[in-house]
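Residue numbers start at 1 and run along the sequence shown.
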Amino acid sequence: MPLKDLQKILKDKPKKVIFGSARNLKMIKLNRVKELFLSSDCSPSIGEKIALYSSFSPLKIEVLPSTSEELAVICEKTFPVSVIGVMSA
């Protein structure tokens, strides 16, 4: 189901989606992300940082069964996508 949720978000609210671990970590620190999607092959160090910072905010984290290359196709990007964030309103 999380993959269907992601596809719906990408279709309905494309301007509220953030790609990349660095930008998402910054937005997590500013408490501007409400939901994160991680690829199945996301780097463990990135996962640990996200887990650390997300413990300070109410953040929903979903690990998708797709790899970063598959997420790039779903998101219509030309680069691998490991972390996708959805900004809060």
Side-chain heavy atoms under 4.5 angstrom apart, residues restricted to Ile, Leu, Val, Met, Phe, Trp, Tyr: same cluster for Val73 and Leu6?
no

Look up atom CG in Leu3 and atom CG in Leu71, then write down how far apart they are to the nearest 0.5 Å.
7.0 Å

Donor-acceptor pairs under 3.5 angstrom involving side-chain atoms of residues 37-53: please list them, not counting sequence neighbours.
{"from": "Ser39", "atom 1": "OG", "to": "Asp41", "atom 2": "OD1", "distance (Å)": "2.9"}
{"from": "Ser39", "atom 1": "OG", "to": "Cys42", "atom 2": "N", "distance (Å)": "3.3"}
{"from": "Ser40", "atom 1": "OG", "to": "Ser66", "atom 2": "O", "distance (Å)": "3.1"}
{"from": "Asp41", "atom 1": "OD1", "to": "Ser68", "atom 2": "N", "distance (Å)": "3.0"}
{"from": "Asp41", "atom 1": "OD2", "to": "Ser68", "atom 2": "OG", "distance (Å)": "3.4"}
{"from": "Ser43", "atom 1": "OG", "to": "Ser45", "atom 2": "N", "distance (Å)": "3.4"}
{"from": "Ser43", "atom 1": "OG", "to": "Ser45", "atom 2": "OG", "distance (Å)": "3.0"}

Among pairs that include at least one residue of residues 66-85, which meet salt bridge (charged side-chain N to carboxylate O under 4.0 Å, His left out), considering only residues two or more places apart or in two chains?
none

Of all residues at least two apart in sequence or in a different chain, which pass the salt bridge (charged side-chain N to carboxylate O under 4.0 Å, His left out) check with Glu62?
Lys60

Closest approach of Asn24 and Gly85, non-hydrogen atoms and distance?
OD1-CA, 3.1 Å

Lys11: what forms a salt bridge (charged side-chain N to carboxylate O under 4.0 Å, His left out) with it, not counting sequence neighbours?
none

Which atom names give the shortest non-hydrogen contact between Val33 and Ile28, and what distance separates them?
CG2-N, 4.0 Å

Mind checking whether Val86 and Lys13 have side chains closer than 4.5 Å, heavy atoms only?
no

Taking every non-hydrogen atom, the tightest pair across Pro58 and Asn31:
CD-OD1, 4.3 Å

Output for pair (Leu59 CG, Lys34 NZ), nearest 0.5 Å, gives 11.5 Å

Pairs where residues 17-29 contributes a residue and the test salt bridge (charged side-chain N to carboxylate O under 4.0 Å, His left out) is met, not counting sequence neighbours:
none

Please step through side-chain contact (heavy atoms from CB on, under 4.5 Å) for the pair Ile61 and Ser54, ending with a clear verdict.
CA-CA 9 Å; Ile61 300 174; Ser54 66; 3.5 Å; yes

Please identify each residue that fulfils side-chain contact (heavy atoms from CB on, under 4.5 Å) with Val17, with sequence neighbours left out.
Ile9, Leu10, Phe19, Ile84

Could you grab the distance from atom OG of Ser57 to atom CZ of Arg32, nearest 0.5 Å is fine?
13.0 Å

